[in-house]
Amino acid sequence: MMEDYKNLPCPLQVMSLQVTPFVSYRHACACVEGLIDSGQKAYSVAVNPEKIYKANNDRELADLINSAQVFICDGIGAALAVRVLYGRAVRRITGIALFFELVKKASEKGWRVYLLGASPESNKGAYDTLLKSYPGLSIVGRHDGYFKNSGKVIEDINRSEADILFVAMGSPKQEQWLSENRDAIQASFCMGVGGTFDVVSSKVKWAPAICRKTGTEWLYRLFSEPKRWRRQLALPKFVWFLLKYKLAGNGKL
Ligand code: UDP
């Protein structure tokens, strides 16, 4: 992909991954708008402590995440890393909240949206809810995230002439799929959104506002889905790892 991405802030290196320092949701949306208006192709991944930690020991994972162009600072741990390494505050931009902002913008601007991922019920539930909540929204296609033939799905996406493709297949599956298939997909902007369709379809509850404000969504998730506790261990491991990394003289002192 030979693009210059002048309309995007320069990403900051956070260990083996990167973070795009957006200053607000409005800023992030304006950048996506710039990409779509100029017909540039880009895709976005959410960067969180779990991914930073894993990618540090997994070159292949780091490369496939770094093949994106937009790296949202998804969660307090990633924001903390930027603060520790650069002494700089960066706005936390969660994938799900940015998803809602972009959907709202899409309904105002007439962007065509495609929903890929989640179970067939959850995908349909998300579609129904979005159409009800954003009457002007143009959802031009959708497909669940359990398919074997990517070629057929990509054909459907391209036929729909979508401007934005949301991919909700969890990590690292969605990053893998996007990095392999981004070039074949004509939509201007693609974004990995993890479990977002499960929340939109009400299969899973969104973290309460207090957790969203304080950046403690991980704590809510730990209590509401205790079987994910292993994944949540990534945060304390990450903080320890970050401190060691900084003490070893990395980052801006
Ligand atoms: N999923 C999918 N295809 C797969 C595996 C998972 O579409 O092959 C969906 C799954 O149904 C769920 C989402 O991906 O809706 C994963 O959600 P999770 O909250 O685990 O996302 P993460 O925290 O990994 O971003």
Side-chain angles (χ1 to χ4, degrees), residues 17 19 43-55 58 60-62 64-65 68 70-78 92-100 102-103 113-130 139 141-154 156-157 162 165-181 185 190-208 211-212 215-235 237-238:
L17 298 186
V19 167
Y43 84 93
S44 160
V45 293
V47 174
N48 59 30
E50 188 186 1
K51 285 181 199 162
I52 298 174
Y53 188 77
K54 271 199 194 156
D58 184 341
E60 216 176 304
L61 178 67
L64 77 87
I65 293 178
V70 178
F71 310 91
I72 61 168
C73 181
D74 186 22
I76 200 138
R92 222 164 39 89
I93 300 281
T94 67
I96 184 163
L98 182 59
F99 169 83
F100 282 121
L102 287 174
V103 161
V113 168
Y114 194 105
L115 307 177
L116 175 65
S119 65
E121 303 73 40
S122 192
N123 183 287
K124 168 83 166 75
Y127 170 80
D128 290 341
T129 308
L130 290 174
I139 303 181
R142 61 182 187 85
H143 199 290
D144 66 76
Y146 297 84
F147 51 86
K148 292 224 162 63
N149 188 338
S150 289
K152 277 226 156 86
V153 172
I154 294 168
D156 191 52
I157 296 167
L165 168 69
F166 291 111
V167 184
M169 302 199 295
S171 290
K173 185 158 187 186
Q174 63 198 19
E175 286 84 10
Q176 215 147 13
W177 192 84
L178 272 169
S179 113
E180 270 166 31
N181 298 299
I185 297 166
C190 300
M191 176 176 172
V193 292
T196 294
F197 297 172
D198 293 341
V199 174
V200 179
S201 66
S202 304
K203 189 176 160 208
V204 170
K205 268 205 182 131
W206 198 7
C211 297
R212 295 185 330 239
T216 51
E217 290 97 333
W218 58 275
L219 196 60
Y220 171 76
R221 216 144 181 208
L222 179 61
F223 285 105
S224 59
E225 292 175 70
K227 63 176 191 290
R228 292 174 65 103
W229 69 272
R230 251 179 230 286
R231 283 184 65 170
Q232 302 290 10
L233 278 183
L235 190 58
K237 272 198 221 158
F238 172 74

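Remember, it's 1-based here, ligands and their atoms both numbered in the order they're listed. Just so you know, residue 1 is the first one in the sequence shown, and it goes up from there.
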Undergrad: Among all protein heavy atoms in this structure, tell me which lies nearest to atom 22 (P) of ligand 1, with the distance rounded to 0.1 Å.
TA: R231 NH2, 3.7 Å
Undergrad: Less than 4.0 angstrom from a charged side-chain N to a carboxylate O is my criterion; do R92 and E217 meet it?
TA: yes
Undergrad: Verify whether one side chain among E175 and S171 offers a donor that lies under 3.5 Å from an acceptor in the other.
TA: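 On atom types as modelled, these side chains qualify, holding a pair under 3.5 Å.
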Undergrad: Numbering the atoms of ligand 1 from 1, which are under 4.0 Å from a heavy atom of S119?
TA: 11 (O)
Undergrad: Give the atoms of ligand 1, by number and element, whose distance to some non-hydrogen atom of G194 is under 4.0 Å.
TA: 13 (C), 17 (O), 21 (O), 25 (O)
Undergrad: Can you tell me which portion of A168 lies within the under-4.0 Å heavy-atom range of ligand 1? Options are side chain, backbone, both, or neither.
TA: backbone
Undergrad: Would the distance check show the side chain of D74 and the main-chain N or O of V47 forming a donor-acceptor pair, the cut-off being under 3.5 Å?
TA: no
Undergrad: Please work out whether the ring planes of W177 and F147 are parallel, tilted or perpendicular, with thresholds of 30° and 60°.
TA: perpendicular
Undergrad: If we only count N/O pairs under 3.5 Å, is G117 in contact with ligand 1?
TA: no
Undergrad: With no hydrogens and no angle check, do the side chains of D198 and S122 hold a donor and an acceptor under 3.5 Å apart?
TA: yes
Undergrad: Should you measure from each heavy atom of D198, which atoms of ligand 1 turn up under 4.0 Å away?
TA: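 Counting atoms of ligand 1 from 1, those under 4.0 Å from D198 are 12 (C), 15 (O).
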Undergrad: Considering only heavy atoms, which of W177, F147, Y146 lies nearest to atom 10 (C) of ligand 1?
TA: Y146
Undergrad: Decide whether an N or O pair under 3.5 Å exists between S171 and ligand 1.
TA: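 Such a contact does occur with ligand 1.
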Undergrad: Apply ring pair (Phe, Tyr, Trp, His ring centres under 6.0 Å) to the pair W206 and F100, showing each step before the final yes or no.
TA: CA-CA 12 Å; W206 198 7; F100 282 121; 5.3 Å; yes
Undergrad: Which atoms from ligand 1 have a heavy atom of K173 less than 4.0 Å away?
TA: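 This gives 4 (C), 8 (O) as the contact atoms.
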